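Just so it is clear, the structure is predicted and the values come from calculations on it, not from any experiment. Proteins come first, then strands; the chains are lettered A, B, ... in the order of their sequence lines, and each starts at number 1.
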Amino acid sequence: METEDLNELMSQRRRKLEEMAAAGTDAFKSNFDRSHSIEEIKKEFDVVETGENSGKDVDTAGRIVARREHGKASFIVIDDGSSQIQLYLTINNLGEDNYRELLGFDIGDIIGVSGEVFRTRRGELSISVREYIILTKSLRPLPEKWHGLKDKELRYRQRYVDLIVNPEVKEVFAKRIAVIKGIRDYLADNGFVEVDTPMLQPIPGGATARPFITFHNALDMDIYLRIAPELYLKRLMVGGYDRVFELNRSFRNEGISVRHNPEFTMLEAYQAYADYNDMMELTEDLIKKLARDIVGEEELEYQGIKLDLSKPFKKMTMLDSLAEVGGIEVSFDMDIDGLKSLAKENEVHVDKGDGKGTIITELFEKLVEANLEEPTFILDYPKEITPLAKSHPDNPELVERFELIVVGREIANAFSELTDPREQRKRFEKQVERRDAGDEEAQFFDEDYLRALEYGLPPTGGLGIGIDRLVMLLTDSASIRDVIFFPHLRPEKGRE
RNA sequence: GGGCCGUUAGCUCAGUUGGCAGAGCACCGGACUUUUAAUCCGGGUGUCGAAGGUUCGAAUCCUUCACGGCUCACCA
């Protein structure tokens, strides 16, 4: 199969590889001792002035990304992922045969070089090559140097090529890496410990979503990929951990869009003796810190919308926001038919089994959430859609829950956790009723979780942050695929 | 799932009314000892996403399919 899709360029490279082999050269070396990374060279030799020789040799390596031939003296640019540097090669330094061989290497090949660092007359820090070695032969041509790789499908499927030729992609992922590290550092500084809980769960819980189902052969049973780590993390709180977090993947078997990938990265953090107000403070502080550290300032722009993260985030209850932003008066005192007709007026879809809480939430999402730009905490969600949160003392229809909305998107979600096992049992039973009525996203009944609650969960605040969406916000990325190295795509056909 | 758009050389893209498949970069050959999108001379390397159909003739028109993008629906 492989030979069939060989084009001329790939054939040429394979021929070169065979010629190397025939000459006794191994084109896939096992190691190379560097004295410096390219970034280190740039730092250390920054003081070398235009036209000046440093008098010092370095050993470094990288991928050939450009070549400029000038007869008996030429230039090659190599890139090691940290930075790029120009190589200067002359017949005088290398001799005719070696000079020709080094120039004959292809763009994409990975080489090691030794030589003196100097700065050219044009001011470019360079290495005057004395010795070189092929480390890895590249058998496929890279995309064009000027336009890079544009085709989105190729960029997502072959992210390795995207990363080689499109430098801005690396910047986005550098920020993603920094966000994740920043969160871990922040939480560690605040006394949280990072834990791992099961991704393969016999009962998928902690969120309202359809799970992926797989099968355990030895146990002869269905098993689920987790939709959230929540119930296991709260079991750990029962076990006596005071502050825990998990920053890892969850999986939801739902539609794929610019905001949804079937597997996504989520932070969940739980703090004992805290409630949702404490989690609100933590969320705001964390996000402001990430903006400062990673974007460099608290004013940023997302898809043309200017956001000022330096101001205190706004706070509104869901019901108030429907009045203030949505322009409709809604309350749980209205009867269900009144809410249904209100939904109809506003072109909000209502399912048969939907109660007041669901309809109000749908109205909120349509009339309010989509229109919120500046960071806004929305407080006090309907109990009906939130089976794991503590009841609100002022209104039995509500729970102590908030979401942080930025540019119409949910960035964080938190509650005062429901700790009363008797009420949790009733809430689970309601979910089972919904599931029996055909709601595939209703939550599962988890008897062991109730047992854990019966031993006693301290008052606990819980927080979830969607990392991919947060990174989108901080990197001004329009699609979740731009912040996930390998986003989910349909398999390529004609493969295998 | 619906709608719209796209798929042509390794990459980025043109391709007129249906009439021999094009450019730039990359690549190959040649010139050039400080260039940096190097330059100059010569060379087009292709299953026009796939399969059918219409036609003397299809990259171009029609049908179906695949993959992707945007969007609506769905969904935390």
Among the nucleotides [options], which one has an atom lying closest to any side-chain atom of [X]?
| X | options | result |
| --- | --- | --- |
| A:Glu124 | B:C70, B:U36, B:C67 | B:U36 |
| A:Arg490 | B:A26, B:G68, B:U36 | B:G68 |
| A:Arg67 | B:C32, B:C28, B:C67 | B:C28 |
| A:Leu489 | B:G68, B:U12, B:C27 | B:G68 |
| A:Ala73 | B:U33, B:U35, B:C67 | B:U33 |
| A:Val258 | B:U34, B:U71, B:C28 | B:U71 |
| A:Leu149 | B:U12, B:G69, B:U34 | B:U12 |
| A:Lys150 | B:G68, B:C27, B:U12 | B:U12 |

Tell me: [atom1] of [X] to [atom2] of [N], nearest whole Å?
| X | N | atom1 | atom2 | result |
| --- | --- | --- | --- | --- |
| A:Asp106 | B:C27 | CG | P | 7 Å |
| A:Tyr99 | B:C32 | OH | P | 10 Å |
| A:Trp146 | B:A23 | CH2 | P | 22 Å |
| A:Ile480 | B:G69 | CD1 | P | 13 Å |
| A:Gln158 | B:C11 | CD | P | 8 Å |
| A:Phe105 | B:C27 | CZ | C1' | 18 Å |
| A:Tyr156 | B:G69 | OH | C1' | 9 Å |
| A:Lys145 | B:U12 | NZ | C1' | 13 Å |

Ion pair A:Glu400/A:Lys390, N-O distance below 4.0 Å: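 Judged by the 4.0 Å cut-off on N to carboxylate O distance, A:Glu400 and A:Lys390 do not form a salt bridge.
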How about [X]: does its [atom1] atom have over 12 heavy atoms from other parts shown lying under 6.0 Å from it?
| X | atom1 | answer |
| --- | --- | --- |
| A:Asp436 | CG | yes |
| A:Glu168 | CD | yes |
| A:Lys42 | NZ | yes |
| A:Glu347 | CD | no |

For [X], answer base if it contacts any base atom (sugar-phosphate contacts may also be present), sugar-phosphate if it contacts only those atoms, and nothing otherwise; contact means non-hydrogen atoms under 4.0 Å.
| X | result |
| --- | --- |
| A:Phe264 | nothing |
| A:Gly148 | sugar-phosphate |
| A:Glu69 | base |
| A:Gln86 | base |
| A:Arg481 | sugar-phosphate |
| A:Arg409 | nothing |
| A:Ile107 | sugar-phosphate |

Can you tell me the base-pairing partner of [N]? Count Watson-Crick or G-U wobble geometry only, both distances below 3.5 Å, and say none if there is no partner.
| N | value |
| --- | --- |
| B:C67 | B:G6 |
| B:C48 | none |
| B:C61 | B:G53 |
| B:U33 | none |
| B:G1 | B:C72 |
| B:C27 | B:G43 |

For atom [atom1], what is the distance between [N] and [M], given to the nearest Å?
| N | M | atom1 | value |
| --- | --- | --- | --- |
| B:C56 | B:G42 | C1' | 39 Å |
| B:A26 | B:A37 | C1' | 12 Å |
| B:C4 | B:G10 | P | 31 Å |
| B:C48 | B:A59 | P | 8 Å |
| B:U47 | B:U8 | P | 12 Å |
| B:G49 | B:C13 | P | 15 Å |
| B:C11 | B:A58 | C1' | 27 Å |

Pair of N/O donor and acceptor under 3.5 Å linking B:U34 base with A:Arg121 side chain: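 Per atom types, no contact qualifies.
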Any donor-acceptor N/O pair under 3.5 Å between B:U35 base and A:Thr120 side chain: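 Flag set: donor-acceptor pair detected.
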Verdict with supporting geometry, A:Arg259 and A:Asp468, salt bridge (Lys or Arg N to Asp or Glu O under 4.0 Å): CA-CA 9 Å; A:Arg259 275 171 240 189; A:Asp468 310 289; over 6 Å; no
Would you call the rings of [X] and [Y] parallel, tilted or perpendicular, where under 30° means parallel and over 60° means perpendicular?
| X | Y | result |
| --- | --- | --- |
| A:Phe75 | A:Tyr88 | tilted |
| A:Phe45 | A:His36 | tilted |
| A:Phe313 | A:Phe377 | tilted |
| A:Phe428 | A:Phe445 | tilted |

Closest-nucleotide 5' rank along RNA chain B - winner of A:Arg157 and A:His147: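 Its nucleotide being nearer the 5' end, the pick is A:His147.
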Among A:Arg67, A:Lys137, A:Arg140, A:Gln12, side-chain hydrogen bond (donor to acceptor under 3.5 Å, both in side chains) partner for A:Asp106: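 Answer after filtering A:Arg67, A:Lys137, A:Arg140, A:Gln12: A:Lys137.
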Short N/O separations, protein against nucleotides 4-10 of chain B, under 3.5 angstrom:
none

